[in-house]
Amino acid sequence: MSVAVTIDWAELTVRRVGRRLAVGVFVAPLLFAWVLLRRGYSPRARMLGFGWLAARMLIELELLAQFGWTLDRLAGLLG
């Protein structure tokens, strides 16, 4: 009795977070963190990227609040 085994090598490849992607996630996480959802990136890389995205959003919202900007005022500027 023989069993045929097929291996999808694309699923087994591990992607490293390159220098450019790391800088992109650090500078503009809202744009670049989503790249980490592609196949091959580790759960640790995803947690760090999206954790930084959440932290940046909280920091920026806090800074806006300190300067008197509210979400209603921002929504008024956008449309």
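All residue numbers in this chain count up from 1 along the given sequence. Heavy-atom basis, side chains included; hydrogens, waters and symmetry copies ignored. Just so you know, these numbers come straight off a predicted model, no measurement behind them.
- Contact detail for Gly40 and Arg46: the closest heavy-atom pair is N-NH2, 4.3 Å.
- Summarising the geometry, atom CG belonging to Leu61 is positioned 11.5 Å from atom CD belonging to Gln66; distances are rounded to the nearest 0.5 Å.
- A distance of 12.5 Å separates CG in Leu48 from CG in Leu53, rounded to the nearest 0.5 Å.
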Table please: side-chain donor-acceptor pairs of residues 14-28 below 3.5 Å, with sequence neighbours left out.
unit_1, atom_1, unit_2, atom_2, d
Arg15, NE, Arg39, O, 2.8

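- For Gly49 against Ala33, the heavy-atom pair with the smallest separation is O-CB, 4.1 Å.
- Taking the six-membered ring for Trp and the full ring otherwise, Trp52 and Phe32 have centroids separated by 6.0 Å or more.
- At a threshold of 4.5 Å between side-chain heavy atoms, the hydrophobic network of Ile, Leu, Val, Met, Phe, Trp and Tyr places Met57 and Leu64 in two separate groups.
- Under the 4.5 Å side-chain heavy-atom criterion for grouping Ile, Leu, Val, Met, Phe, Trp and Tyr, Tyr41 is not connected to Met47 through any hydrophobic cluster.
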